[in-house]
Amino acid sequence: QQQVKQSPQSLIVQKGGISIINCAYENTAFDYFPWYQQFPGKGPALLIAIRPDVSEKKEGRFTISFNKSAKQFSLHIMDSQPGDSATYFCAASPFSGSRLTFGEGTQLTVNP
Amino acid sequence: GAVVSQHPSWVICKSGTSVKIECRSLDFQATTMFWYRQFPKQSLMLMATSNEGSKATYEQGVEKDKFLINHASLTLSTLTVTSAHPEDSSFYICSAAGDVNYGYTFGSGTRLTVV
């Protein structure tokens, strides 16, 4: 019940295209859903996060869509750029300061 | 924004020796710090959670005597890998939580290689 399932495992997109990564969860107590971007040899960096009281959040080229009834959320990267090539992790936690449960990660490659 | 400084960024040590990794929150008080381990092309695996001034809570399967965690102040947590062996070679990452609005800030990670 603590798992967060992430797909796809890897994704190749052409420059300018839309990258879509999906996550699903089981634990209805989860209340915070962040997405992290990680470059090789670096720690994860927060990209964007959402709470279940909204269905969508947009920050620049990055959008989270959240479907509470389906217990799914997704990351959309518009106008994908080669510099977006990285590993992306979704995560979830039940309350402030508690442990994050991570998805398995998606390796995104944006071809020029 | 919130910054977490993690040192060293990489370390090579001989088998049987101990290595200490530091994690500092530079501009906020971290009430809770998390230590993760990450193998190549895998997700982050939580090792332990530490709260300032109290003993760390270790995840199942993580040896508390091998991975010593100290969270002596609201800005500093350390992870000591004792009697390191080659199988302990991994990427270790800390994370600090202190913002009431679900803020988690990650350190830049430490690449440990035990030879």
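By convention in this document, chain letters (A, B, ...) are assigned in the order of the sequence lines, proteins followed by strands, and residues within each chain are numbered from 1.
- With chain B as the partner, the residue from A:Ala45, A:Ala91, A:Gly41 showing the most heavy-atom pairs under 4.5 Å is A:Gly41.
- Summarising the geometry of B:Ser43 relative to A:Gly103, their closest heavy-atom pair is OG-O, 2.7 Å, with the distance given to 0.1 Å.
- Taken to the nearest 0.5 Å, the CG atom of A:Leu100 stands 5.5 Å off from the CZ atom of B:Phe106.
- The most heavy-atom pairs under 4.5 Å with chain B, out of A:Ala49, A:Pro44, A:Gly105, come from A:Pro44.
- Side-chain contact between B:Gln38 and A:Gln38 is present, with at least one heavy-atom pair separated by less than 4.5 Å.
- Tracing side-chain contacts under 4.5 Å through hydrophobic residues (I, L, V, M, F, W, Y), one never reaches B:Leu76 starting from B:Leu79; they form parts of separate clusters.
- Going from atom NZ of B:Lys41 over to atom CD of A:Gln9 covers 9.5 Å, rounded to the nearest 0.5 Å.
- Heavy-atom contacts from other residues, nucleotides or ligands closer than 6.0 Å to NZ of B:Lys64 number 12 or fewer.
- Between B:Tyr104 and A:Pro34 the shortest side-chain heavy-atom distance does not fall below 4.5 Å.
- Between A:Arg99 atom CZ and B:Glu59 atom CD the span is 4.0 Å, to the nearest 0.5 Å.
- In this structure, chain A has no heavy atom under 4.5 Å from any part of B:Thr31.
- Cluster membership check: A:Ile20 does not share its hydrophobic cluster with A:Phe66, using side-chain heavy-atom separations under 4.5 Å among Ile, Leu, Val, Met, Phe, Trp and Tyr.
- Hydrophobic clustering (ILVMFWY, side-chain heavy atoms < 4.5 Å, transitive): B:Met45 and B:Trp35 are in distinct clusters.
- Heavy-atom distances place the side chain of A:Gln107, and not its backbone, under 4.5 Å from chain B.
- Proximity of a side-chain donor or acceptor of B:Ser108 to a complementary backbone N or O of A:Lys42 within less than 3.5 Å is not detected.
- Put simply, A:Val13 and A:Ile21 are part of the same group of oily side chains (I, L, V, M, F, W, Y) that touch within less than 4.5 Å, one to the next.
- B:Phe91 and B:Ile21 are assigned to two separate hydrophobic clusters, defined by single-linkage of ILVMFWY side chains at heavy-atom distances under 4.5 Å.
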